[in-house]
Amino acid sequence: MQRDPAALRAALEDLEQRHLRRVRRVPPRDAVNFCSNDYLGLSAHPEVVQAFADAVMKYGVGSGASHLVTGHSSAHQMLEEAVAAFTGREKALVFSTGYMANMGVIGALADQKAAIVSDKLNHASLIDGSRLSGAKVSRYRHADSDHATEQLAAIDPEVKSRLLVTDGVFSMDGDLAPLPELALAARRANAWLVVDDAHAFGVVGATGRGSCEHFGLSSDDVPVLVGTFGKAFGTFGAFVAGDADLIDYLVQKARPYIYTTALPPAVVAATFAALEVAQRDSWRRERVLAHARRVHGVLGLPGTSVSPIVPIILRDEARALAASRELEARGFLVSAIRPPTVPAGTSRLRVTLSATHEESQVDALITAIAEVRQTDVRQGESRPLETDE
Ligand SMILES: Cc1ncc(COP(=O)(O)O)c(C=O)c1O
């Protein structure tokens, strides 16, 4: 971008014209939020809040340093042990954010000589981590394990560092990656399988351990597991879990782990409490997934509902924005998701459910979406709101 106010303004106006300009605003408090990632409703849970408050009194607010200096507290240590046990891995390493965890793990395992095979709909942090590593990246068709296998087979035999990278549950589509097939393909190609389970961790699987649990996969099948705490656990931060040597290697090499201030211990203590509540209150998981299935089923959306994320594809940016505004006028917050977050022509409403939603609120949302569909048709659009891709 040129250093020129007119050029900046022109770029912003261009985004505006194409309905792609992003604006931030404080969500109205009286609307029901159907677009947060607080799937289990733990962000304001009394035990989580209390753990945070107690830890602030004990540790103060900031961690004061990076992990390798003096920022690594007993709270961090406890959480890492709990996450390792919960995920069935030898060790876990707590990162400040999921974005950094992905940048860190990919950057540590891949360099310019490496090859990365990546799902086309992977999260931006996996894409950015792959780009930053300088590795050769090839992208396979979404959730197409045959295509991934082909791309792995096409890697130059001289290339030793190989990664197969995927979301576990895709953040904008809510569907599961075909992990058993990907695990097999990665094993055959001697590639690390890196699974970002941000949207599955805490919610998916019989006991909320994520997509590996859902598919019955071990740490041998999925050697590099990433999860975040800002979603189902309602707090902030992330982790990478795996074998002890892998985690020790990340401590040496993962720059977004090394060169940043450690998370505040109080945030970490709150996450520890959230992990306990999530394990105890299995009803939260059952409830949020039942809500999602209900929205999905009553609206007759394609595919099956396996996560708290229910996308309603509208294709066109302007229509997605209009539908989001219409829903807000009816008291529901559902954000419109547009490119570049999703591919061009797949703009959508991304409905997310939470265990804190009442059934009556979910039903009211379904009614509101149905009304918004009618409005869309009445306004003379060429077709009703699309519900399939
Ligand atoms: C799949 C996925 N991975 C990683 C992240 C990043 O996590 P964090 O918000 O902790 O940076 C997100 C969303 O924020 C995500 O959806």
Would you confirm whether D173, through its side chain, and D175, through its main-chain N or O, come within 3.5 Å as a donor-acceptor pair? no
Tell me, with the steps shown, if E213 and R285 meet salt bridge (Lys or Arg N to Asp or Glu O under 4.0 Å). CA-CA 14 Å; E213 182 180 30; R285 201 172 51 252; over 6 Å; no
Please determine, by modelled atom types, if Y257 and S96 share a side-chain donor-acceptor pair under 3.5 angstrom. no
Here the gap from I155 atom CD1 to S161 atom OG, rounded to the nearest 0.5 Å, amounts to 10.5 Å
Taking the side chain as C-beta and beyond, is there a heavy-atom pair between V224 and L109 under 4.5 Å? yes
Applying side chain to side chain contact (heavy atoms under 4.5 Å, CB included) to V351 and L353, what does each step give before you reach the verdict? CA-CA 7 Å; V351 177; L353 287 305; 4.0 Å; yes
Quick check against the 3.5 Å criterion: does H296 have a side-chain atom that pairs as donor or acceptor with the backbone of P302? yes
Would the distance check show the side chain of S63 and the main-chain N or O of P264 forming a donor-acceptor pair, the cut-off being under 3.5 Å? no
Residues H199, S171; criterion side chain to side chain contact (heavy atoms under 4.5 Å, CB included); working and verdict: CA-CA 6 Å; H199 294 277; S171 54; 3.2 Å; yes
Under 3.5 Å donor-acceptor, T346 side chain and P343 backbone: yes
Distance (rounded to the nearest 0.5 Å) between L40 CG and H45 NE2: 10.5 Å
So do V226 and N102 actually touch side chain to side chain, heavy atoms under 4.5 Å? yes
Tell me if the centroids of the rings in H123 and F170 come within less than 6.0 Å of each other. no
V306 versus V204: any side-chain heavy-atom pair under 4.5 Å? no
When you compare the side chain of L333 with that of F34, does any pair of heavy atoms fall below 4.5 Å? no
Have S354 and D38 got a donor and an acceptor in their side chains that come within less than 3.5 Å? no
Paired with V222, the side-chain contact (heavy atoms from CB on, under 4.5 Å) test is passed by just one of V195, V194, D197, namely V195
Considering only heavy atoms from C-beta outward, does the side chain of L179 approach that of T166 to under 4.5 Å? yes
Distance-only, no hydrogens or angles: does the E90 side chain make a donor-acceptor pair with backbone N or O of D243 under 3.5 Å? no
Distance-only polar pair, side chains of D146 and Y140, donor-acceptor under 3.5 Å: no
Looking at side-chain heavy atoms only, is the closest gap between L12 and R21 below 4.5 Å? yes
In Å and rounded to the nearest 0.5 Å, what is the CG to NZ distance from D248 to K91? 7.5 Å
May I ask you to check whether over 12 heavy atoms, not counting those of D245, lie within 6.0 Å of atom CG? no
Between T207 and R209, a side-chain donor and acceptor under 3.5 Å: yes
May I ask you to check whether T341 and R22 show a side-chain donor-acceptor distance below 3.5 Å? yes
State whether the side chain of R348 and the backbone N or O of M172 hold a donor-acceptor pair below 3.5 Å, judged by distance alone. yes
Look at the side-chain heavy atoms of Ile, Leu, Val, Met, Phe, Trp and Tyr, link any pair under 4.5 Å apart, and say whether I258 and V105 land in one connected group. yes
Flag the pair T87 / V83 as yes when at least one side-chain heavy-atom distance between them is below 4.5 Å, and no otherwise. yes
Nearest-0.5 Å distance that lies between atom OG in S211 and atom CG in L217: 8.0 Å
Can you tell whether the side chains of R287 and E358 come within less than 4.0 Å, N to carboxylate O? yes
R18/D14 salt bridge by N-O under 4.0 Å criterion: yes
Do other residues, nucleotides or ligands put more than 12 heavy atoms under 6.0 Å from the CZ atom of R330? yes
Using modelled atom types and a 3.5 Å cut-off, is there a donor and acceptor pairing between side-chain atoms of R350 and backbone atoms of V334? no
Verify the cluster assignment for L163 and I247: are they in a single hydrophobic cluster under the rule of side-chain heavy atoms below 4.5 Å apart? yes
When you compare the side chain of V94 with that of L263, does any pair of heavy atoms fall below 4.5 Å? yes
To the nearest 0.5 Å, what is the distance between CG on D196 and CG on L225? 9.0 Å
Exam field: side chain E47 to backbone V277, donor-acceptor pair closer than 3.5 Å: no
Output every pair passing side-chain hydrogen bond (donor to acceptor under 3.5 Å, both in side chains) with a member in residues 106-120, not counting sequence neighbours, ordered by first then second residue. S118-N122, D119-H142
Donor + acceptor pair across side chains of D221, S218 (<3.5 Å): yes
Quick check, are the ring centers of Y39 and F233 under 6.0 angstrom apart? no
The single option from F95, F86, F229 that satisfies ring-ring contact (aromatic ring centres under 6.0 Å, His included) with F239 is F229
Check the pair D144, R141 against salt bridge (Lys or Arg N to Asp or Glu O under 4.0 Å), reporting the backbone distance first and the verdict last. CA-CA 5 Å; D144 185 338; R141 286 186 295 275; 3.2 Å; yes
With respect to L299, which candidate in V310, I366, L365 satisfies the side-chain contact (heavy atoms from CB on, under 4.5 Å) definition? I366
Is D363 paired with R294 through a side-chain N to carboxylate O contact shorter than 4.0 Å? yes
H76 meets the ring pair (Phe, Tyr, Trp, His ring centres under 6.0 Å) criterion, sequence neighbours left out, with H67, H72
R338 (side chain) donor-acceptor with H19 (main chain) under 3.5 angstrom: yes
Assess, by modelled atom type and distance only, whether the side chains of Q77 and E81 contain a donor and an acceptor separated by less than 3.5 Å. yes
Working to the nearest 0.5 Å, report the span between CZ of R187 and CG of L193. 10.0 Å
Counting distance only, does the side-chain N/O of S324 pair as donor-acceptor with the main-chain N or O of A320 below 3.5 Å? no
